[in-house]
Amino acid sequence: MIVFWGFMVRLVRSIVAAFRDPQTRALVTGAALVIATGTWFYSRMEGWSAIDSLYFTVMTLTTVGYGDLSPTTSATRLFTVAFVLIGIGILLGFIDVVAKHARGKREA
């Protein structure tokens, strides 16, 4: 349990340090916009609740994709293709910046 909490403390410190970087703040803003856009779009176009839409958005962008929800129209399927390509890039960029801050702090 101590190892887990040590990891969590290092993770939070790395994220806080990364937020001092304007690039990281831009990635967080972009990720929030992508998630909000996906949630709104799926709620509007598929008629899902906000929670279901958020759930589908996060599962899709993290590439988990349980398959319990899926787009039913051609328009939402095409949106999902573009959404995944853009969203995963933004999330990977954020993870990369946080990882660089974590590595830099350990090496210092």
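Nothing here was measured: the structure is a model prediction, and the numbers come from that model.
Separating the OG1 atom in Thr80 from the CG atom in Leu85 is a distance of 10.5 Å, to the nearest 0.5 Å. A distance of 11.0 Å separates OG1 of Thr60 from CD1 of Ile35, quoted to the nearest 0.5 Å. Rounding to the nearest 0.5 angstrom, the gap separating the OG1 atom in Thr62 from the CG atom in Leu91 is 8.5 Å. Note that CZ of Arg10 is 13.5 Å distant from CH2 of Trp5, once rounded to the nearest 0.5 Å. One finds the CG atom of Asp52 at 12.0 Å from the CE atom of Met59 (value rounded to the nearest 0.5 Å).
A single hydrophobic cluster is not seen to contain both Val84 and Val81; linkage of ILVMFWY side chains at heavy-atom distances under 4.5 Å, directly or through other members, places them apart. Linking ILVMFWY side-chain heavy atoms closer than 4.5 Å, directly or via other members, places Val34 and Val64 in a single hydrophobic cluster. Ile86 and Leu33 are not part of a single hydrophobic cluster, where members link through side-chain heavy atoms under 4.5 Å apart. Note on Val58: it clusters hydrophobically with Tyr66, by side-chain heavy-atom contacts below 4.5 Å among ILVMFWY residues.
Side-chain atoms of Ser53 and Glu46 form no donor-acceptor pair, as typed in the model, at a separation below 3.5 Å. Side chains of Thr76 and Thr73: a donor on one and an acceptor on the other come within 3.5 Å. A donor-acceptor contact closer than 3.5 angstrom links the side chains of Asp68 and Tyr55.
Ring orientation note: the planes of Phe56 and Tyr42 are nearly perpendicular, at an angle over 60° on the 30°/60° scale.
Of all heavy-atom pairs between Thr57 and Gly38, the closest is OG1-C, 3.4 Å. Shown here for Ile88 and Thr63, the closest heavy-atom pair between the two residues is CD1-CG2, 3.4 Å. Residues Ser43 and Ala50 come closest through the heavy atom pair OG-N, 4.5 Å.
Partners of Phe41 by ring-ring contact (aromatic ring centres under 6.0 Å, His included), not counting sequence neighbours, listed by chain and number: Phe79.
Other residues, nucleotides and ligands place more than 12 heavy atoms under 6.0 Å from the CZ atom of Arg25.
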